[in-house]
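Working notes, structure below.
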Amino acid sequence: MDNLNHLLEGFAHVVTPMNLLLALIGVTIGTAVGVLPGIGPAMTVALLLPVTYGMEPTQAFIMFAGIFYGGMYGGSTTSILLNTPGESSSVVTAIEGNKMAKAGRAAQALATAAIGSFVAGTIGTLLLVLVAPLVVDFAVGLGAPDYFAIMLLSFIAVTAVLGSSRIRGFASLLVGLVIGIVGIDSVSGQQRLTFGVPQLADGIDVVVVAVGIFAVGEALWVAAHLRRKPAGVIPVGVPWMGREDWKRSWKPWLRGTAFGFPFGAMPAGGAEIPTFLSYATEKKLTKHPEQFGKGAIEGVAGPEAANNASAAGTLVPMLAIGLPTNATAAVMLAAFQSYGIQPGPLLFERESGLVWALIASLFIGNLLLLLLNLPLAPAWARLLRIPRPYLYAGIVFFASMGAYAVNAQPLDLFLLLTLGLIGFGMRRFGLPVLPLIVGVILGPRAELQGRRSLQLSGGELSGLLGGPVSYVIYAVIVLVLAWPLVRRYIVRPLVEQRA
Amino acid sequence: MSLDVDERTDSGSRRPSGADRAQYGVCAFLALLGVLVIVDATGIAHTTSSTDPIGPRTVPVLLGVLLLVIAVVYIVDVARGGRAEPEAGEDVDLTNPIDWRTVLLLIGAFVVNAVLIEPLGWVISGALLFWGTAFALGNRHYLRNLAIAVALSLITFYAFAIGLGVNLPAGVLQGIL
């Protein structure tokens, strides 16, 4: 039980008064910012990145663990009390959660969400401890061609599987890849797309891209379509659950966790599919089918657990392979990179102390969240009433501060605005944001691995086909790309034949 | 703490009923970006070596070509009536057309900060940014907003620049703060 020892060391590292305080601050800020309408978990982490610039990496990541789970939890409060969820993973929570709140059961909805998040987060983090080292063992044996194939799969997966339009997904991915190649080419030292601007030689910082697309883009988009009368907030007391609520919640929590974690850990899993699956399952298994659509507690408990377990699941590929599978993980990866740390199989060896401290603080952050959120729910609910001009002025204010603080150059603010305008256009035309962010982060690494593979083969394209792992991955890519055709010419005729 | 709703008379609601023609603008943007990337790539010295047989040019050229291809496919999709829903959200009301006045005012506030941050310092430019954004979004409590803006920029300056060592310029207030 080597990992258990590492984890215990991690706990020993975190349980100092200073670090516990940082975890508490992270959880509090994360929840507060996550509760604010219009701010999802990814934007929460991106906006709060600069706060940690002056800290040691370990301390920064202790805080990030809190911000990560806090931002997740905050989002569910918003969707229960406001019924207009900001991120797609909370859509399902809003269906039953808001109905419960309207029926005067907001306290129970928040309680089952909070406790369910705790249960799912704890089990999910435990699974992370068990699974991540296995993935590392597998990933250590991979060569450059395999990595190239994995990144290619991740590009294809975020564009072709998620989102409604493949064309728009690929457009977004390509823009991201172009942003990624700005700067000095790491292999040859040549400048690309810098237009002679010296500040661009280091490339466009991922933090500036994330803050620009998420925060500034969102502020501009809201400015264009500001709802002049904010949606009504349902007042709430301290969350609690009766005996009956507990009886109806615990099984959905566990089932939701079982759906969420594996989907989170897959390259294109995300949180949407497991939350929908969990909702459908609970609807089928419930003893109170008449309550579904009118505020059934199972419909909050299951999807909320699935959402949080999926968040824990995304950390497996993020830490073990360096592969972000959702926007929040992508921003976390950017946070690692801003400290000069590259997640991947070697991370567990080189930065063992840091990784296990991070995982330990995920457990602690989860517990703190539960202790904090049950009594503080009424205070969080009050945050939802913040006047919108102040909210978005605050977002733009902190976004500018953070983007400037990365390199201390005003040029970054103009880049931030340009990226914000791109984000605005993407929202207007329904282009998904995630492929762009993944393209910016993984693009340069994919190019590096691809060139490395071709170096081994002396420029022959066959160098990209490394071994069995890359064969399997290319087969999956072909299947994903050909899926619409397969469905049209093979699956549908078969179904029709049977019918 | 109310939102002023006056003087928001937009010139009718011009929601396109059929195809969303503005999407051709996106196609043009993608195509232009593709050309730009290719032109830039041809200006890169083509240095290949035994350790780097494909050189720094191949990937940009490939991306440029793919951008042109996706632009064409996108045009075909739009011409065939393809469209994607604008993003919804908690504070987004899609029934109104885009309110350009608010957007431009917000961009203005943003640019003011970007230009003034080094000469005047974060405390002044950041306060202007907050005040200007709140104004752009329709809040008309001038004095109260000024107080909030100054308080916010002072707090962030002391907490982040002085407390946590984050890079924020003091500007003209150097020595006073």
Side-chain angles (χ1 to χ4, degrees), chain A residues 37-38 50-51 53-55 78 82 84 86 164-165 167-168 170-171 174-175 177-178 181 185 187-188 190 192-193 219-228 230-231 387-390 392-394 396-397 400-401 404-405 408 410 413-414 417 425 427-431 447 451 454-455 458-459, chain B residues 1 3 5 23 26 30 33 37 40 44-45 47 51-56 59-60 63 66-67 70 73-74 77 82 84-87 89-94 96 98-99 102-103 106-107 110-111 113-114 117-118 122 126 129-130 133-134 136-139 148 152 156 160 164-168:
Chain A
V51 177
Y53 280 164
M55 295 182 187
T78 321
L82 260 183
T84 37
S164 52
S165 161
I167 300 169
R168 288 161 183 81
F170 276 111
L174 286 172
V175 174
L177 290 172
V178 168
I181 61 169
D185 170 36
V187 183
S188 66
Q190 296 291 322
R192 298 190 295 190
L193 288 171
L220 288 170
W221 181 235
V222 169
H225 287 291
L226 185 60
R227 197 186 291 276
R228 295 291 162 187
R388 296 309 185 257
Y390 291 157
Y392 291 98
V396 173
F397 180 88
S400 302
M401 188 185 90
Y404 181 86
L413 290 175
F414 289 102
L417 180 60
R427 286 172 173 81
R428 158 67 181 84
F429 293 107
L431 267 65
E447 185 188 1
R451 279 160 82 171
L454 291 174
Q455 172 195 330
Chain B
M1 289 205 184
L3 298 167
V5 197
Q23 290 189 101
V26 182
L30 294 171
L33 187 65
V37 173
D40 181 81
I44 302 170
T47 49
T51 53
D52 182 28
I54 77 162
V59 170
L63 288 179
L66 285 174
L67 274 165
I70 202 81
V73 178
Y74 208 139
D77 180 70
E85 285 302 304
E87 197 178 276
E90 280 133 351
D91 292 327
V92 172
D93 181 4
L94 289 174
N96 294 324
I98 290 182
D99 179 2
T102 305
V103 176
L106 204 157
I107 293 174
F110 197 96
V111 171
N113 171 52
I117 188 165
E118 300 233 303
W122 167 250
L129 173 67
F130 184 90
T133 312
L137 291 169
N139 194 309
I148 297 175
L152 209 64
T156 48
F160 294 118
L164 289 170
V166 172
N167 287 318
L168 290 173

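Because only heavy atoms are used, hydrogens play no part in the values below, and waters and symmetry mates are left out as well, while side chains stay in. Residue numbers start from 1 in every chain, and the chains themselves are labelled A, B, ... in the order their sequence lines are given, proteins ahead of strands. All figures in this text were calculated on a predicted structure; none of them were measured in a lab.
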* Using the test side-chain hydrogen bond (donor to acceptor under 3.5 Å, both in side chains), find all partners of B:D40 that sit at least two apart in sequence or belong to another chain. =>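 Applying side-chain hydrogen bond (donor to acceptor under 3.5 Å, both in side chains) to B:D40 gives none.
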Non-hydrogen atoms of chain A under 4.5 Å away: do they reach the side chain of [X], the backbone, both or neither?
| X | result |
| --- | --- |
| B:L67 | both |
| B:F110 | side chain |
| B:L152 | both |
| B:E118 | side chain |
| B:L66 | both |
| B:F160 | side chain |

* **Distance (rounded to the nearest 0.5 Å) between B:W122 CH2 and A:S400 OG** =>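 The distance works out to 5.5 Å.
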* Taking side chain as C-beta onward, heavy atoms only, is B:D77 less than 4.5 Å from A:R168? ->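 Answer yes - side chains close enough.
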* For the residue pair A:V175 and B:L30, establish whether any side-chain heavy-atom pair is separated by less than 4.5 Å. =>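 In short, these two side chains touch, coming nearer than 4.5 Å.
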* Partners passing side chain to side chain contact (heavy atoms under 4.5 Å, CB included) against A:R427 (at least two apart in sequence or in another chain) ->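 So A:R427 forms a side chain to side chain contact (heavy atoms under 4.5 Å, CB included) with A:E218, A:W221, B:E87.
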* To do: Specify which of B:V59, B:V73, B:N113 makes the most heavy-atom pairs with chain A at under 4.5 Å.
  =>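 Most heavy-atom pairs within the cutoff with chain A belong to B:V59.
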* B:P56, B:P53, B:A134: which one forms the most heavy-atom pairs within less than 4.5 Å of chain A? ->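 Most heavy-atom pairs under 4.5 Å with chain A: B:P56.
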